[in-house]
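Just so it is clear, the structure is predicted and the values come from calculations on it, not from any experiment. For ligands, and for the atoms within them, numbers begin at 1 and follow the listed sequence.
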Amino acid sequence: MKKAEKVRYVLGIHFGHDSSCSLVKDGKVIASVAEERFTQSKHYSLPPIRALSYCLKSAGITMKDVDLVVFPSIARLMELEVLLNLQKQPWVPKGDSGIAKDLSYYIRYFLIETIRLLRKKLVELPTYVKRYDASGKEVLHIEHHLAHAASCYYTSGFNEKALVITADGSGDGLSTTVWVGEKGRLSPLLKVGREGSLGAFYGTVTEALGWIVSDGEGKTMGLAPYGNTRKTRGKLNFICPHYEKGRLVKPYNWGWPAEWKDESADHWHFSAADRVKELAEKYGNENIAAEAQRLLERELLAFVKYWKDKTGLKRVAVSGGVFLNVKANQRILESKIFDEFFAFPDAGDSGVSAGAALYGYYLKNPGAKIERLTNTYWGPLYTNEEIEKVLKVRKLKYKRLPTRQIPKEAAKLLARGKIVGWFQGRMEAGPRALGSRSILMDPRKAENKDIINATVKYREAFRPFCPSILEEAAYEYFEDAEKAPFMIISFDVKKGYEKNIPAVTHVDGTARPQTVNKKQNPLYYGLIKEFGRITGVPVLLNTSFNIKGKPIVCSPEDAIKCFYDTGIEYMFLGNFVLRK
Ligand SMILES: [Fe+2]
């Protein structure tokens with residue numbers, strides 16, 4: 001294939017923590033899903049074979065129609081090569097710009113990969129696993145962080161020059177990168193190795209507090225406002241990488257974390273977590289969490305500010321797991337350093353397949369316009385016929401409603417204090433439920449938070465819930481509110497309004513809203529509007545449709561299991577209503 005040749009379909013396949021697959025058509029993500037949703041095993045880390053099958057099927061295409069395949073990793077991925085029949089492809093990655101610059105870690109990677117290959121020798125597919133023949137197609141390997149950068153840049157809508165920043169635990173030996181996006185091209189300004197990882201820092205603290213690295217960081221963030229840093233200030237400095245003038249000046253040698261698999265998901269242990277655990281026992285978990293959050297915000301804010309000043313760029317796009325920290329994002333936004341701030345909603349590793357596919361598309365279609373992402377409903381859709389079949393087989397009692405009745409009925413139940421399961425349309429990509437696979441409740445009563453934590457989510461009482469709010473009402477409820485359709489940034493709840501929505505206002509007076517407009521999700525918009533008409537509060541408590549420790553439900557079968565295994569009282573599955 002010649003470089004200038006236009007491509008239509010680009011497939012991105014991520015194999016690793018949160019394995020996923022994404023399909024880009026004409027510059028837009030049209031399908032993207034993490035394998036965990038199909039396996040219902042959180043952070044599933046084996047090859048995303050079901051996600052791959054889904055992406056092709058949902059677009060009505062086969063592998064033959066795919067123009068380009070992009071892997072968001074520079075490592076050789078034997079399992080994928082076998083799955084895609086690519087064994088004869090040269091392994092040297094193409095499409096990456098940093099080889100010479102980052103020679104040392106490429107050599108390291110090469111050695112590690114060689115050892116891995118020697119040990120593994122051969123990967124062979126069981127006969128029941130379908131092969132997707134991509135032999136003869138162009139295949140690119142790109143750096144993990146380039147894929148994170150691409151995910152936010154090519155969905156930012158920034159057609160003017162923009163700053164792009166990524167930060168995560170680590171990927172392909174890097175943890176933090178800075179880029180300039182201009183005319184559809186990403187040029188690197190800075191690449192920092194694992195020793196500068198703010199994600200590993202926050203993950204280590206998370207592990208020390210008793211949770212899972214690359215999973216429980218949201219809990220650390222949720223716990224932080226319950227503590228203070230009076231006695232813990234400075235206590236975590238020893239593992240917090242420190243940046244000055246946009247450069248890493250105090251690295252931390254994490255060593256290679258211990259790795260193991262649990263339910264087919266990668267898990268890590270950082271030895272530094274043992275020491276942090278001792279500190280947590282001495283000073284209290286919440287005070288250690290507060291200090292970790294303070295340090296993260298301090299480092300991140302100073303870092304982005306430096307690169308803003310250095311480049312003079314007014315817009316920034318961010319991605320990587322660290323930017324799932326909505327409080328840190330809030331600090332950046334409210335500092336008003338940038339005129340525009342865009343965080344890719346699927347900022348963790350499940351989002352790198354989308355980034356890889358977008359990178360491939362823009363590489364082959366230089367100058368193509370970059371459009372702002374408006375929704376992430378990229379997952380499976382189940383028709384009423386499919387849903388009804390599942391209900392009938394299980395001999396469940398249900399009622400069928402016309403579409404226009406669904407928001408009315410659901411709003412009525414919610415206003416009466418019921419817990420409602422809401423399974424509608426295409427599943428959302430990323431860690432947040434955005435009104436497709438959601439559990440909903442009335443946000444006006446403070447006790448609803450405890451009810452839902454205790455009877456549905458089975459999780460820690462301190463964990464906050466988030467509001468979905470009509471876009472036009474967000475300005476009334478939140479300080480300096482902007483459109484925030486993806487729950488990736490928090491805002492201060494306006495004085496006096498916390499009394500209206502206590503179940504979704506965190507202890508520090510913030511909330512992480514999803515603003516909803518009619519175009520993005522008409523049915524969900526209709527529901528919130530109807531609830532607002534009945535109660536005067538156009539806001540719902542929205543939490544993901546899952547049980548603690550499990551991924552968000554994907555299929556009607558998953559939803560039914562969750563419904564009967566929890567205290568959810570009503571469930572709206574497509575046009576069907578079930579009650580207990
Ligand atoms: Fe990552």
(message) Is there a side-chain contact between Pro380 and Phe38 in this structure, where contact means two heavy atoms from C-beta onward sitting under 4.5 Å apart?
(response) yes

(message) Restricting to N, O or S, what is the name of the atom of Asp349 that lies nearest the Fe ion (ligand 1)?
(response) OD1

(request) Hey, can you tell me if Trp211 and Phe462 have their rings parallel, tilted or perpendicular (30° and 60° cut-offs)? (result) tilted

(request) Specify whether Tyr362 and Tyr154 have parallel, tilted or perpendicular ring planes, treating 30° as the upper limit for parallel and 60° as the lower limit for perpendicular. (result) parallel

(request) Please answer whether the main-chain N or O of Arg426 pairs with a side-chain N or O of Ser436 as donor and acceptor at a distance below 3.5 Å. (result) yes

(message) Between the Fe ion (ligand 1) and Asp168, which N, O or S atom of the residue is the nearest one?
(response) OD2

(request) Look at His144 and state whether any of its N, O or S atoms is less than 2.8 Å from the Fe ion (ligand 1). (result) yes

(message) With respect to the Fe ion (ligand 1), please indicate if His148 possesses an N, O or S atom at a distance under 2.8 Å.
(response) yes

